[in-house]
Amino acid sequence: KELSWAGFLRLFHWHRDFLIYIPLTFLSYWIEHIWAGLRPLPYHATNVLLHALNTVLTFTFIRRLTGKKRVAFLTALLFAIHPLHVESVAWITERKDVLYAAFFLLSMNCYLRYLDESKTKQFWLCWLLFILSGLSKPLAVTLPLLLLLIDGVRGRAGGFKLVAEKVPFFIAALLISFANIASGAGQGFWAPALESYAFVERMGQSLWTCCFYISKLVCPAHLSVLYRPISSLSAQEMAPAWALAVVFLGGTILFLRRELKHWVFGVTFFLLTLFPTLPAIPFALTTQRNDRYVYLSCIGIFYIFSVICECFLETVKGRVRVLLFAALLMLGGCGDDKPATPRVVTPPPNVAPIADSAPCPGARADRKQAYFGDLHTHTSYSLDAYFFNATNDPRAAHRFAKGEDGGLPGMGTDDPYTQQRKVNIGRPLDFNAVTDHAEFLGGFVNTCGRNGTLQKQCDERLGKGIRDDVVNIA
């Protein structure tokens with residue numbers, strides 16, 4: 001809670017209970033918590049500001065790379081407003097997305113300045129920003145390959161010399177990768193479900209995943225926080241993503257056949273930045289599809305679309321452009337003003353319908369008051385909460401609901417019994433219900449907890465092992 005040098009160093013302390021090593025992301029939370037406590041507004045505001053910064057950096061990057069302002073503007077505009085970015089920006093936990101992207105884009109902008117000005121300090125500033133990006137989220141490890149891609153777009157000659165120039169970046173990328181693999185400590189980092197698939201099958205799943213993300217970028221409908229696993233989808237369910245992606249990629253490559261380098265750059269940028277999240281690599285996190293994984297990758301697809309729009313605008317006259325823009329605005333305002341038809345649910349035959357006019361029992365005008373509380377509180381008496389290092393019993397939970405301080409174990413500590421932190425809800429709840437699981441009710445806390453009959457044996461053989469697995473699953 002306090003600003004101190006020891007607290008700062010602790011953020012960079014490697015601990016195997018963390019699945020990924022993201023000390024800079026934790027540093028941003030730490031600073032905000034010291035300044036704003038648990039108020040959510042500053043955390044959300046920081047994410048929004050970082051996203052705005054990333055929009056500006058996207059514009060600057062594309063403009064420096066191509067020299068085309070309209071292409072850069074449209075790419076940045078799509079990056080700013082696309083619905084697929086809601087998860088990365090609105091979810092406080094995904095600070096790592098917007099933070100790593102900021103350093104990532106700054107690094108690429110510095111590299112372009114290095115190419116334009118040939119100043120060594122820009123090269124090493126690019127390298128430093130790359131490290132900061134990697135310490136915010138490990139997806140940044142693909143940056144050295146993107147720098148080679150930029151060399152190709154700029155037409156730099158040198159072959160092996162260009163690769164040798166990137167050696168400091170490759171070394172940093174290996175160290176960042178090693179730190180994150182070691183953080184998993186072999187517990188949950190590799191996905192056994194994916195290891196059971198042959199490499200060719202995983203490549204097929206990766207290809208379809210790319211098509212899925214492209215389809216969502218082209219048509220952002222039916223977005224979800226969680227998507228069904230690929231293994232549970234039928235060929236019929238997978239067909240729309242295949243079709244939309246093939247149509248988009250095929251149509252764009254035909255349109256840009258005379259300027260194929262733009263298409264190659266956009267698609268390669270998309271694939272390289274997305275690759276660490278694909279099933280081709282059996283990491284635990286690659287078994288899922290998440291909107292946040294394409295936060296930075298989408299720039300490649302938006303770039304292709306923007307280049308096509310630029311080529312189209314160059315072939316039409318000024319008045320036609322105005323008419324087309326006005327038509328797009330009109331289409332954007334179109335909608336169905338008819339009220340949605342309510343869905344009628346037919347009750348089962350053995351259930352009598354409730355009369356619409358029947359008043360609620362005990363309803364009174366003076367009782368229309370909103371109350372706030374919790375009807376599902378778990379304490380250390382529940383098996384799952386105990387192995388999440390819950391240290392409070394039902395009485396402590398009720399005291400916390402009444403506004404008193406509640407104790408929590410220290411972050412990253414191996415001692416689940418020591419309450420090193422105190423938190424307060426700020427406003428007492430109007431009601432609270434402790435609903436611990438009936439199975440093993442209080443059994444593990446009384447057996448393995450502090451002063452438990454088998455505390456030492458549980459810590460050595462059972463308790464801590466389960467806690468490690470639970471932390472990684474969470």
Side-chain angles (χ1 to χ4, degrees), residues 12 21-29 31-32 45-69 71-73 75-80 85 88-89 94-151 153-154 156 165-166 168-173 175-176 265-266 268-270 272-274 276 292-300 302-303:
F12 290 84
Y21 183 67
I22 48 174
L24 281 190
T25 301
F26 289 144
L27 176 62
S28 68
Y29 292 142
I31 295 173
E32 284 172 321
T46 302
N47 277 19
V48 172
L49 290 175
L50 284 171
H51 181 62
L53 173 63
N54 292 336
T55 301
V56 175
L57 293 173
T58 299
F59 171 81
T60 306
F61 169 65
I62 299 298
R63 188 191 62 179
R64 284 184 179 274
L65 182 68
T66 64
K68 298 180 179 181
K69 290 185 179 180
V71 172
F73 175 78
T75 303
L77 178 63
L78 291 171
F79 181 86
H85 286 167
S88 295
V89 180
E94 281 310 305
R95 168 69 53 76
K96 52 184 175 290
D97 273 349
V98 290
L99 188 60
Y100 110 89
F103 289 121
F104 197 97
L105 291 166
L106 281 169
S107 181
M108 290 195 297
N109 275 286
C110 281
Y111 186 72
L112 288 173
R113 287 193 63 182
Y114 162 71
L115 296 182
D116 294 335
E117 303 173 4
S118 300
K119 293 183 178 179
T120 306
K121 67 178 182 180
Q122 293 295 338
F123 178 86
W124 291 111
L125 180 58
C126 169
W127 179 75
L128 177 61
L129 289 168
F130 164 57
I131 293 176
L132 295 178
S133 181
L135 293 177
S136 302
K137 190 173 184 179
L139 291 186
V141 295
T142 58
L143 180 65
L145 299 176
L146 286 173
L147 298 184
L148 292 173
L149 178 64
I150 293 173
D151 290 337
V153 173
R154 283 295 188 90
R156 292 186 73 194
E165 181 186 53
K166 310 300 186 297
F169 291 87
F170 284 112
I171 293 175
L175 292 175
I176 292 170
F265 172 79
T268 308
F269 186 99
F270 174 77
L272 286 178
T273 50
L274 187 63
R292 61 184 180 271
Y293 289 166
V294 291
Y295 180 74
L296 196 61
S297 305
C298 64
I299 293 177
F302 294 158
Y303 173 74

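Since we're looking at a predicted model, the values are computed, not measured.
- Between the side chains of Arg95 and Ser28, at least one donor N or O lies within less than 3.5 Å of an accepting N or O.
- Taking 4.5 Å as the limit, some side-chain heavy atom of Leu115 sits within range of a side-chain heavy atom of Ile150.
- When atom types are taken as modelled, the side chain of Ser133 and the backbone of Leu129 share no donor-acceptor pair closer than 3.5 angstrom.
- For Arg156, the salt bridge (Lys or Arg N to Asp or Glu O under 4.0 Å) partners two or more places apart in sequence, or in a different chain, are Asp151, Glu165.
- At most 12 non-hydrogen atoms from other residues, nucleotides or ligands lie less than 6.0 angstrom from CZ of Phe73.
- At least one side-chain heavy atom of Leu148 sits under 4.5 Å from a side-chain heavy atom of Lys166.
- Tyr295 and Asn54 are linked by a side-chain donor-acceptor pair at a separation below 3.5 angstrom, with hydrogens and angles left out of the test.
- Between Phe61 and Tyr111, the ring centre distance reaches or exceeds 6.0 Å.
- For the side-chain hydrogen bond (donor to acceptor under 3.5 Å, both in side chains) test, residues two or more places apart in sequence or in another chain that qualify with Thr46 are Glu32.
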Open item on the list: Please determine whether side-chain contact (heavy atoms from CB on, under 4.5 Å) holds for the pair Leu105 and Leu296, giving the CA-CA distance in whole Å, both sets of side-chain angles, and the decisive distance to 0.1 Å.
Closed with: CA-CA 9 Å; Leu105 291 166; Leu296 196 61; 4.1 Å; yes

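- Within the 4.5 Å cutoff, no side-chain heavy atoms of Arg64 are placed close to those of Met108.
- Proximity of the aromatic rings of Phe302 and Phe79 is defined here by a centroid distance below 6.0 angstrom, and this criterion is not met.
- For Tyr303 and Phe265, the ring centers sit closer than 6.0 Å to each other.
- Listed for the Ser136 side chain is no donor-acceptor partner under 3.5 Å among the backbone atoms of Lys96.
- Residue Ile299 holds its CD1 atom at 3.5 Å from OG1 of Thr58, rounded to the nearest 0.5 Å.
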